[in-house]
Amino acid sequence: MNNNANSLIVLDFETSGLSPDNGDRAIEIGAVKIENGKITEKFQSLMNPGFRINNFIENYTGITNHMLQSAPPCHEVMNDFADFIGDDNLLAHNASFDKKFLDAEFSHIAQCYSGEFACSLLVSRRINTNAPNHQLGTLVNFMNIASEGNFHRALFDAEMTAKLWLVMLDNIQQQINQSSVPFELIQKIAKTPKKNVSDLLEKW
DNA sequence: TGCCAGGCCCTCTTTAGGGCCTT
C-alpha cells in the first residue's frame, strides 16, 4: 500500500450496464491524479466494447453508439490506463462498482495493479452526516463545489470526485489537527461504524 | 418458466429485509 493519501488516482468508468458478470463492459474511463492536494494529471478515453450499447446507457451518459464506433478498443485503452495508474492508490465514488469493472477489464488483458481502493461514498456517509443523500451530484452541490460540465461522463465525474475528496480530506485534517491524512486512516474511517467515527478521529 | 448486480448499511436485526449507490 502506498500510505500517502495525498497522492492517488481518482477514476470513474462509464459502462454498458451494472455488471461485468453479465457481459457488461467499460465504454469510457476518466481519471485524475491528485498530488499534494492538487490535480496534476488527467486521463480520458472512450472505448469500443465490441457491441452496441442500449438506449438507456446512451441517454444516461450521452455516449452514443456512433461515438463508440471510432473509439479504440477496451484492451488498448486499459493498457494505457495501467501505465497511468502505476502503483498509486485508487479512489472512486462507490468504489466497489469501479473496482469490479477495473478488475474485469484488467483480467481481459492480464494486467494488474498494486494500489488499494478508497471509496468517497463510504467516507462521505461518515463525514457528511447532514447531506440529503450521498450521490456524487448531490454532494458536489451540498459542499458548494464549482461544477461546470456533464455528470455521468467519466472525466467530469472523476474531477468532481477528486474535488469532493479534497474537501473531505481538509475536513478530516482539521478534526485530527494534522497536515495530512494517512491512507490507513481513510481505510479505517470507511470501515468504522458511523457512530464511532468521531471517537476514531479524536483519538488519532 | 422465471430470473436477471452486488456491496454496504440500517433496523422494528443477526434464523432478514430493504434502501442506497454505481451504469
Side-chain angles (χ1 to χ4, degrees), chain A residues 8-32 43-68 71 74 77-78 81 85 90-108 116-143 145 147 149-165 167-168 186-200:
Chain A
L8 81 173
I9 302 293
V10 186
L11 64 99
D12 183 74
F13 279 111
E14 304 306 315
T15 70
S16 66
L18 289 169
S19 175
D21 291 340
N22 282 355
D24 290 319
R25 297 294 299 267
I27 60 174
E28 186 182 39
I29 177 70
V32 300
F43 184 101
Q44 185 275 334
S45 183
L46 292 170
M47 51 188 127
N48 189 335
F51 55 82
R52 290 183 63 82
I53 59 173
N54 63 39
N55 286 339
F56 174 82
I57 296 298
E58 282 191 318
N59 293 330
Y60 187 79
T61 64
I63 298 168
T64 65
N65 281 293
H66 181 73
M67 293 162 68
L68 294 177
C74 294
V77 176
M78 284 293 100
F81 188 59
I85 65 179
L90 307 165
L91 170 74
H93 197 66
N94 197 13
S96 64
F97 177 86
D98 293 280
K99 181 179 186 301
K100 69 183 178 183
F101 273 95
L102 181 64
D103 290 350
E105 293 298 337
F106 271 17
S107 74
H108 287 131
E116 293 191 12
F117 264 94
C119 178
S120 52
L121 170 65
L122 295 182
V123 173
S124 178
R125 281 177 173 161
R126 289 158 173 80
I127 299 298
N128 302 315
T129 52
N130 294 325
N133 62 57
H134 298 274
Q135 294 172 23
L136 179 60
T138 300
L139 291 170
V140 166
N141 288 328
F142 179 71
M143 303 181 87
I145 295 169
S147 61
N150 296 320
F151 283 104
H152 306 306
R153 285 301 300 268
L155 181 57
F156 185 75
D157 281 6
E159 289 178 316
M160 291 300 102
T161 301
K163 290 181 178 179
L164 168 67
W165 186 247
V167 171
M168 291 199 294
I186 297 296
Q187 302 292 53
K188 283 193 174 180
I189 290 172
K191 292 177 181 174
T192 298
K194 189 188 296 182
K195 60 184 170 62
N196 298 334
V197 169
S198 55
D199 277 353
L200 170 68

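As the structure is a prediction and not an experimental result, all values here were calculated from the model. Protein chains get the first letters and strands the later ones, always in sequence-line order, with residue 1 at the start of each.
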Pick out the pairs of N or O atoms, protein on one side and nucleotides 17-19 of chain B on the other, that lie under 3.5 Å.
none

Quantified in whole Å, what is the C1' atom distance between nucleotide B/dG7 and nucleotide B/dG2?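 Result for the C1' pair: 25 Å, nearest Å.
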I need the single residue from A/Leu155, A/Thr161, A/Asp157 that forms a side chain to side chain contact (heavy atoms under 4.5 Å, CB included) with A/Glu159. Which is it?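 It is A/Leu155, the one option of A/Leu155, A/Thr161, A/Asp157 that forms the side chain to side chain contact (heavy atoms under 4.5 Å, CB included) with A/Glu159.
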Looking for any heavy atom pair under 4.0 Å, which part of the strands does A/Asn133 touch: base, sugar-phosphate only, or nothing?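 Answer is sugar-phosphate: A/Asn133 comes under 4.0 Å of backbone atoms only.
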Residues forming a ring pair (Phe, Tyr, Trp, His ring centres under 6.0 Å) with A/Phe13, sequence neighbours excluded: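 If we apply the ring pair (Phe, Tyr, Trp, His ring centres under 6.0 Å) test to A/Phe13, skipping adjacent residues, there are no hits.
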Classify the nucleic acid contact of A/Leu122 as base, sugar-phosphate or nothing, counting any heavy atom under 4.0 Å across all strands shown.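 Sugar-phosphate: the residue A/Leu122, judged by heavy atoms under 4.0 Å, touches backbone atoms but no base.
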Between B/dC3 and B/dC8, how far is it from one C1' atom to the other, in whole Å?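 Going atom to atom, C1' in each nucleotide, I get 24 Å.
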Using every non-hydrogen atom in the two residues, find where A/Val32 and A/Ala158 come nearest and quote the distance to one decimal.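 Heavy atoms only, the tightest pair is CG2-O, 4.1 Å.
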Expressed in whole Å, how much space separates the C1' atoms belonging to B/dA16 and B/dT1?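 Taking atom C1' in both B/dA16 and B/dT1, they lie 27 Å apart.
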Select base, sugar-phosphate, or nothing to describe what A/Asp157 touches, counting heavy atoms under 4.0 Å on all strands.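 Sugar-phosphate only.
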Report the residues that fulfil salt bridge (charged side-chain N to carboxylate O under 4.0 Å, His left out) with A/Lys194, sequence neighbours left out, ordered by chain and then residue number.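 Partners of A/Lys194 under the salt bridge (charged side-chain N to carboxylate O under 4.0 Å, His left out) test: none.
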Mind checking if A/Leu121 touches a base, just sugar-phosphate, or nothing, with heavy atoms under 4.0 Å?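 Result for A/Leu121 = sugar-phosphate.
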Partner set under side chain to side chain donor-acceptor pair (under 3.5 Å) for A/Arg153, not counting sequence neighbours: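 A/Glu28.
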Whole-Å C1' distance, B/dC4 and B/dC10: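 The same atom, C1', in both gives a distance of 26 Å.
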Under 4.0 Å, heavy atoms only, any strand: does A/Ala154 hit a base, just the sugar-phosphate, or nothing?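 Since no nucleic acid heavy atom lies under 4.0 Å of A/Ala154, the category is nothing.
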What nucleic acid atoms does A/Asp24 come within less than 4.0 Å of, heavy atoms only: base, sugar-phosphate, or nothing?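 Nothing: the residue A/Asp24, judged by heavy atoms under 4.0 Å, touches no strand.
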Close N/O contacts between protein and nucleotides 2-6 of chain B (under 3.5 Å):
residue : atom : partner : partner atom : Å
B/dG6   : OP1  : A/Asp21 : OD2          : 3.4

Grab the N/O contacts between the protein and nucleotides 11-13 of chain B below 3.5 Å, and write none if there aren't any.
none

Would one find a side-chain N or O of A/His152 under 4.0 angstrom from OP1 or OP2 of B/dT23?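 Result: yes.
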Identify, with sequence neighbours excluded, every residue that meets side chain to side chain donor-acceptor pair (under 3.5 Å) alongside A/Asn65.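 A/Asn65: side chain to side chain donor-acceptor pair (under 3.5 Å) contacts with A/Glu58.
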So A/Ser16, base contact, sugar-phosphate only, or nothing? Heavy-atom distance under 4.0 Å.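 Touches nothing.
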Identify, with sequence neighbours excluded, every residue that meets side chain to side chain donor-acceptor pair (under 3.5 Å) alongside A/Thr138.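 Only A/Asn133 meet the side chain to side chain donor-acceptor pair (under 3.5 Å) criterion with A/Thr138.
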Restricting to ring pair (Phe, Tyr, Trp, His ring centres under 6.0 Å), what partner residues turn up for A/Phe56, sequence neighbours left out?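 A/Tyr60.
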What distance, rounded to whole Å, do you find between the two C1' atoms, one in B/dC12 and one in B/dG18?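 The same atom, C1', in both gives a distance of 13 Å.
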Same-atom distance (C1') from B/dT23 to B/dT15, integer angstrom: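 Rounded to whole Å, the distance is 35 Å.
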Does anything in residues 9-20 of chain A form a side chain to side chain donor-acceptor pair (under 3.5 Å)? List the pairs, not counting sequence neighbours.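 Only A/Ser16-A/Asp24 qualify under side chain to side chain donor-acceptor pair (under 3.5 Å).
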Going by the rule ring pair (Phe, Tyr, Trp, His ring centres under 6.0 Å), which residues pair with A/Phe43 if we only count those two or more places apart in sequence or in a different chain?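 A/Phe43: ring pair (Phe, Tyr, Trp, His ring centres under 6.0 Å) contacts with A/Phe81, A/Phe84.
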Expressed in angstrom and rounded to an integer, what is the separation of A/Met160 atom CE from B/dT22 atom P?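 It is 14 Å, rounded to the nearest whole Å.
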With a 4.5 Å limit on heavy-atom distance, are the side chains of A/His93 and A/Leu164 in contact?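 In contact.
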May I have all residue pairs that pass salt bridge (charged side-chain N to carboxylate O under 4.0 Å, His left out) and include part of residues 93-104 of chain A, sequence neighbours excluded?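 Sorted result for residues 93-104 of chain A: A/Lys99-A/Asp103.
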Touch check for A/Phe56, heavy atoms < 4.0 angstrom, all strands: base, sugar-phosphate only, or nothing?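 Since a base atom lies under 4.0 Å of A/Phe56, the category is base.
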